[in-house]
Amino acid sequence: MTTSESRLGDGGLCARWTGWYLPALVVIGGAFAYMGTLADGPYWGDGIELAAAAHVLGIPHPTGYPLYALLAKAAQCLPLGTLGFRVNLLDAALGVWTAWLWYWIAWEIFGRLEARRPKGTPSLFGWRLGAPMAAAALALTLVWSRTFWIHAVTTEVYSLGMAVLAAGTWVVLRLTRRFDGRFWAAGWLLLGLALSNHRLALILAPALAVAGGVGLLQRIRAGAGALPSGWIRTLWKRHGRALILGPMLTLVGLTPHLYLPIRARAHPPLNWGDPATLDRFLWTVRGGQFAQTRFLRVESPNRPFNGKNYPVWARRRIQHLTDWTLEQIGWPRGRADRARPSAVIALWLFVLAGLGLWARRDGPAFLAVAAMSALNMAVLFLYNIPDMAGYYQPLFPWTVLTGFIAAIFGLRWIQDRWLQAAWPPILSLLLILPLATVLMNRRDLTYLNSSAPMRYGRLALDHAEPRALILTGGDSDIYALWYQQVVERRRTDVAVLGTNFLAGSPWYRKYFPSDQEWVLDFPFKDAIMTTPEAFEQHGADFLAVLDAQMRSGRAAYATFPPNPAFPFTAHCAPKAEIALLTEEDREVPEADLVNEEIGREVVGFSGIGQVHTVPIFYQIAPEGGILPGEVLYRLTQVRRAGGGQ
């Protein structure tokens, strides 16, 4: 039995509550909430593509997410509901398991705080079950938080990422107590598995390194009382082999990456990046075009951060992270009232106070977690992808944990100073935070089981004439159509051409089957279009091919209206053909991308002879993904840039 366990209770009813009843409460609470909002199919966003790629054992967008693809394929073999429902069920199970792990993580930390209180001082929690009940409250707050809930009931890679990170965090805490070669090896193996799902898992590496070093020092001091002479030699003799072999197990955890070149050589219907060769494999696992266009960049490839706009962007990032954190516990999105400044101040005061108290009472665990969180924060301030919610998510449990620590110490102080009755102050936290979180979020997340993505894809394809062309402008619309063609085998005669893939996507040429080779007449560019001049030429070439196809009698449609940002669509004369989304489909909190202007940049456009000032955007996409256009447009004619037909 550990020190923390011996101080908190042993055997009997207390042990049953700690080891069985409270963890079961967390599992049941998560499962009950998720099953009420579990989508029958994938919701808007990357989940549609992930589910389709898993069905054909294909390769989704970089980094390919091989571990998730394999697990999603295994889940689709279950004889339950639709293919999309089965993958969503996998994510829900991963979400519940993550909350269960966080119960044990929080109880370990609370138990260590209790065990290391100064002798002669009263119990920090007031009763034996105080610490495990605080752990259950934290786990329930996590499982009912907004983004965690969304990712647990829709197809996404973040539920798996949080699950593996939680397992790695538990290993880290065990290592800070005392170095053990088995936990050291398990931690590096988990790191490799986590990296096979998402690159953000790299934040686990510094935590493992710090925890291993702290655990070794703890073990040496426990045996000798102080560092002996020649302790480095003794350390190497006892643990050198484990220290070397442990990190090597990361390579074992990375073995799911072999899935990428193996499947690419089989040419599956979805083969993003075509990582069959070494250079294409490295391009994929490094993040593909996202690494080129989102790292230290603002909105587009030709707009890097600079000394003028980065400070503004960084302040917006802090503001968005703060607002996002409040939204997790049910604070209404975008609510600007008198209570918000107070809530923001209270949030940061609780977090900072909790960090200080934790560092003072349990320095080893604090150092390991601080190393992990610091790297996570560094990523947030270097990477500018619109849907940052998944990158914020690993910080949320630690935010709640430090807030709990501050509240526990504060309530203990209030009780000792003004209250004489021996009542457990932690009950206030149990009643307030988790219950408020589930009540507020349950009301807002019922839209997640919408059938709109599947209905959208079916309507668009069924309306098209035989061997027609449908142009798409973003991820959500092309993924919905891909899913219908790849999974449901609906209207495979229709060519779906993603205009956002024409540049910088050499793999996209191989996507089209032999009976759609005419699509290859369009001007694919194997490079990122970084200048207005290049983009205008690209648009002119595109219009020439589109005009020829339409004159030959081929029907052409677009899922988006003319947009000045895309010259070739601005010169098409469309007419509204069919509504693809209803008003109810759009009445969801996570519907639209938010572009916040953080500066302006002077650029010139060829052929005009004028200089224009254009905005520089800080992009924010809510968790639910970006909805596509409402209407399918039929292209009736192509107008030249000069106005002729």
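When reading the values below, keep in mind they use all heavy atoms of this one structure, side chains included, and skip hydrogens, waters and symmetry mates.
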Just to verify, what does [X] make a side-chain hydrogen bond (donor to acceptor under 3.5 Å, both in side chains) with, not counting sequence neighbours?
X	value
T636	none
H463	E577
Y68	D91

With sequence neighbours excluded, tell me which residues meet salt bridge (Lys or Arg N to Asp or Glu O under 4.0 Å) with [X].
X	answer
E488	none
D46	none
D40	none
R490	D462

>> Give me the atom names and distance for the closest heavy-atom approach of Y557 to A468.
In response: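 Taking every non-hydrogen atom into account, CE1-CB, 3.9 Å.
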Kindly write out the residues that satisfy side chain to side chain contact (heavy atoms under 4.5 Å, CB included) with [X], not counting sequence neighbours, or none if the list is empty.
X	value
A276	A264, R265, D274
I385	Y383, D387, M388, Y391
P397	W102, L142, M162
T325	L321, L347, F396, T399

>> Please tell me whether W104 and W170 form a close aromatic pair, meaning their ring centres lie under 6.0 Å apart.
In response: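 Centroid distance W104-W170: not below 6.0 Å, so no.
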> Can we say R491 and E465 salt-bridge, meaning some charged N sits less than 4.0 Å from an Asp/Glu carboxylate O?
Replying inline: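 No salt bridge links R491 with E465.
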>> By the ring-ring contact (aromatic ring centres under 6.0 Å, His included) test, which pairs, at least two apart or in different chains, include something from residues 470-490?
In response: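 Listed by first then second residue: Y479-W482, W482-F501, W482-Y511.
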> Any side-chain donor paired with an acceptor under 3.5 Å for Q328 and T437?
Replying inline: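 Note: Q328 and T437 side chains miss the donor-acceptor criterion.
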